[in-house]
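Read through the structure below, which is laid out as structure tokens, and then see the notes.
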Amino acid sequence: DAKTTQPPSMDCAEGRAANLPCNHSTISGNEYVYWYRQIHSQGPQYIIHGLKNNETNEMASLIITEDRKSSTLILPHATLRDTAVYYCIVRVRAGNNRKLIWGLGTSLAVNP
Amino acid sequence: DGGITQSPKYLFRKEGQNVTLSCEQNLNHDAMYWYRQDPGQGLRLIYYSQIVNDFQKGDIAEGYSVSREKKESFPLTVTSAQKNPTAFYLCASSIETGYQPQHFGDGTRLSIL
């Protein structure tokens, strides 16, 4: 079962901020949210992850709501190379381990 | 550069043959994973390994086998028992199976002729 909900597609103008939303209303209190992206025919690339606080790295910022039921990935200045499928993922418990549940993601098109 | 290497990038096999996909990492990660990706679907976990000489089945292990004889290597064999083997196969690794993120190779696209 997918534990996250994302819009299937989004557009963004080059140079503008891309804000990708994700709903994870069933997330547990100690579960992290992870974001990956995948360019066609390549492996997924890790972007960022977070638990409660907002996070920022050289690629993106992650904003998590106070109730942790949703988050937004922000690409501050989108370029054409940011065109990819973006996955928002949470871990679920599987026996004594945890596993990632991958949905279909959001296909982001950055337009010139 | 540290990373995960999958080879070959494209692989063709005749129906009924076993085929082995290679995955090597030089990140010194303990955990390694195999996923399968089909068009229009999310990644699905085939097998994972937390340490050398130990591995567990994922969600779709039937028709696949793995080994973990070395920390840096986690080969996947697609056997003739796998009913629909044509897919994009992705290998990943992480420091451990807890909260650290997984890092992926660039995949092997397997086509059965």
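Lettering of chains follows the sequences in order, A, B, ..., and the numbering in each one begins at 1. Everything quoted here is computed from the prediction, not taken from an experiment.
To the nearest 0.5 Å, atoms CD (B:Gln102) and OH (A:Tyr36) are separated by 5.0 Å. To the nearest 0.5 Å, the span separating CG on A:Leu104 from CG on B:Leu43 amounts to 10.5 Å.
Taking all atoms of both residues into account, the shortest heavy-atom contact from B:Lys9 to A:Ser41 is NZ-O, 3.5 Å.
Taking hydrophobic clusters as Ile, Leu, Val, Met, Phe, Trp and Tyr residues chained together by side-chain heavy-atom distances below 4.5 Å, A:Leu20 shares a cluster with A:Val90. One hydrophobic cluster holds both B:Met32 and B:Tyr89 under the rule that ILVMFWY side chains link at heavy-atom gaps under 4.5 Å. Connection of A:Tyr32 to A:Ile27 is not established within any shared hydrophobic cluster, with ILVMFWY side chains joined at heavy-atom distances below 4.5 Å, either directly or through further cluster members. Under a hydrophobic clustering in which Ile, Leu, Val, Met, Phe, Trp and Tyr are joined whenever their side-chain heavy atoms come within less than 4.5 Å, directly or via other members, A:Leu51 and A:Tyr87 fall into the same cluster. A:Ile47 and B:Ile95 fall into different hydrophobic clusters, defined by Ile, Leu, Val, Met, Phe, Trp and Tyr side-chain heavy atoms under 4.5 Å apart, directly or through other members.
Only the side chain of B:Gln37 comes within contact range of chain A, with heavy atoms under 4.5 Å apart. Within the 4.5 angstrom heavy-atom criterion, only side-chain atoms of B:Leu90, from C-beta onward, approach chain A. For a residue to count as touching a neighbouring chain, one of its non-hydrogen atoms must lie under 4.5 Å from one of that chain's; by this rule B:Arg44 does not touch chain A. A:Gln38 touches chain B through its side chain: at least one heavy atom from C-beta onward sits under 4.5 Å away, while N, CA, C and O do not.
Checked against the 6.0 Å centroid threshold, A:Trp102 and B:Phe104 count as a close aromatic pair.
No more than 12 heavy atoms of other residues, nucleotides or ligands sit less than 6.0 Å from atom CD of B:Glu62.
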